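Have a look at the structure below before the remarks.
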Amino acid sequence: MSLLLGCIADDFTGATDLAGTLVRAGMRTVQMIDVPAPGTVLDDVDAIVIALKSRTIPPAEAIEKSLAALEWLRANGCQQYFFKYCSTFDSTDEGNIGPVGEALLAALDSDFTIACPAFPRNNRTICKGYLFAGDVLLNESGMQDHPLTPMRDPNLVRVLDRQTQGAVGLVDYDTVRRGAIETRAAFDTLRADGKSFAIVDALDEDDLMKIGEACADMKLITGGSGIAIGLPENFRRGGLLEAGITADSLPKIDGYAAVLSGSCSRATNAQVALMAETCPSFQIDPLALAKGDDVASAAIDWATPKLADGPVLIYATAEPDAVRQIQAQLGVDEAGALVENAMATIARGLVDAGVWRLIVAGGETSGAVVGALNVPGLRIGPEIDPGVPWTASLGDPELLLALKSGNFGTPDFFTKALGMLP
Ligand code: ADP
C-alpha cells in the first residue's frame, strides 16, 4: 500500500465532500468512519479521509481524536497530511481549528501551515483575509447566528489568531495570482517572521491550483475541501500518482436493491413521492413504533418476497405538518430515535435478505444505518448528484451504498442512482 494523502475531517459530511473532491481530481479515496482499527489494510488507495466528529467537542478531546487519526495515517506511511474543516471556518475562540492545527503541526515536527477554507465552487472566497459566503461577509451570511459556532468576525487572521498560541499571517490574492513560486516565497517569509499559520486568499479554482502547487512540500495543509483540488497534481508531477487512472471505479456487487428514507427534508419528500409511483413502498409510522409494534419485522417481511422483482422503498419521510404532529406527541428526540432505530434494524434485515445495493436518505439516518451494518469505511465511487457518490463499504459483506443527506439530489435521485449501477 502506498498512501499519498492522509486526511482528518472534523465531521462526516465534510469528509464525504473532501473524498469526492479528491476522487474527481484523480485520487482513489477511502473514507473511514472514525479512526481505523490498528492493522486495517487498504489496497489500491491513494488518499484516506478519516471522518471524526470533532467540530464542536471540547478542544482537548478534538486534539486527542485528531492525533489518534494522525498516528494511524503515519503508521500507514502517508506523504502529506490534510486537516479538513468547514468552508465557513466553523469554530469558536476556543477552537477547534487552531488547537487541532497546532497539535498536528507539533506532532509532525513542523512549524508552518496554511489555513484556507476557500471553496469557490460553493461560493466561499477569501479576499485580504476576509471570508465571503456568496456576496456577503461571513458574519452577514447567517453564520453569525449558528447555534454552536456563531461566526461574528469575517477576518480569518483575527479569528485564527484568537484560537492559536502561535502567530497568524496573510498571503493575499495579489501574491497568489503571481503564481506558485511567489506564493511559496511568501510562506517562507511568514515562517521566517515566526508565523505558524498563513490565511491564504483564493477567489477561484485557478487560485486554489496555484496554492496547491505552492504547498507541494508542506507536511500539513489545513482548509476546506476546495483547497484539496490542487494537491493531486503535485503527486502526479512527482511521479507518485498515475495519470489517467479511473479513481471512481467500484467493485461490481450484485444483489437486490432497496431505498430506505428517514429524511423529511423537502427534496427527499419529492424524491420519495416520485419513487413510490413506480416501486412497492412501505411507510413507517412513528406512532406505531411508539406503541411498541414490531414495525421493523413487518417491513422486512413485507419486502423480502418482493426483492427478486426489483427495488423496494421503505420510508418514514413525511410532510412538515405530519412531522410536527408526531413530534408534538412523542417529542423531537424520541421520534427521531425511534425511526432511526427502526431504520437500522430494517437495514440489517434487508442485507441479510440479500440487499447489497442500498440507498439511504437522511444524514442522521445514514449514520444509524452505517453503524448498524458495522461499516468501517467507504470507497468513494462515481457522483450521482453533487455531493452524493455511490460508495462501496469495506468489510463483510461488501455493499454498494449511497448515503444522501436531506436536501441533496434531483427529484429522480433514487431511480437515477440505481440506473447507474451495471
Ligand atoms: P436530513 O438529512 O433530511 O436532516 P436526517 O436523517 O438527518 O435527515 O434527520 C431526520 C430525522 O427525522 C431523523 O432523526 C429521523 O429519524 C426523523 N424522522 C423521520 N421520519 C420522521 C417522522 N415521520 N416523524 C418524526 N421524525 C421523523
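Remember, it's a predicted structure, so these values are computed and weren't measured experimentally. In what follows, every heavy atom counts, from backbone to side chain, and hydrogens, waters and symmetry copies are set aside. Atoms within each ligand, like the ligands themselves, are counted from 1 in listed order.
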Within 6.0 Å of [atom1] in [X], more than 12 heavy atoms from elsewhere:
X	atom1	result
D93	CG	yes
R266	CZ	no
E71	CD	no
E64	CD	no
F235	CZ	yes

Once you restrict to heavy atoms under 4.0 Å, what part of T365 touches ligand 1? Side chain, backbone, both or neither.
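Both parts.
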For ligand 1, note which part of P286 has a heavy atom under 4.0 Å away: side chain, backbone, both or neither.
side chain
Going by the atom numbers of ligand 1, which of them fall below 4.0 Å from some non-hydrogen atom of [X]?
X	value
A316	20 (N), 21 (C), 22 (C), 23 (N)
G406	1 (P), 2 (O), 3 (O)
V339	16 (O), 19 (C)

Between G363 and ligand 1, is there a nitrogen or oxygen pair with a distance under 3.5 Å?
yes
For ligand 1 and A361, I'd like to know whether there is a polar contact (N/O to N/O, distance under 3.5 Å).
no
Under 3.5 Å, is there a donor on one side chain and an acceptor on the other for S281 and Y315?
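Result is no, nothing qualifies.
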Partner of F82 by side chain to side chain contact (heavy atoms under 4.5 Å, CB included), out of I8, I227, V49
I227
Nearest-neighbour protein heavy atom for [atom], which is reported as residue plus atom name and distance:
atom	value
atom 26 (N) of ligand 1	A335 CB, 4.1 Å
atom 8 (O) of ligand 1	G362 CA, 3.3 Å
atom 7 (O) of ligand 1	E364 N, 2.7 Å
atom 15 (C) of ligand 1	G262 O, 3.4 Å
atom 13 (C) of ligand 1	E340 OE2, 3.4 Å
atom 21 (C) of ligand 1	C264 SG, 3.6 Å
atom 16 (O) of ligand 1	G336 O, 2.9 Å
atom 4 (O) of ligand 1	S265 OG, 4.2 Å

With E383 as reference, evaluate K416, K404, R24 under the salt bridge (Lys or Arg N to Asp or Glu O under 4.0 Å) test and give the passing residue.
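Checked K416, K404, R24 against E383; only one passes salt bridge (Lys or Arg N to Asp or Glu O under 4.0 Å): R24.
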Non-hydrogen atoms of T268 versus ligand 1: any pair closer than 4.0 Å?
no
Is it the case that the side chain of T16 and the backbone of F12 share a donor-acceptor pair, with hydrogens and angles ignored and the cut-off at 3.5 Å?
yes
Heavy-atom distance under 4.5 Å between the side chains of F414 and L274, does that happen here?
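Sidechains of L274 and F414: no contact.
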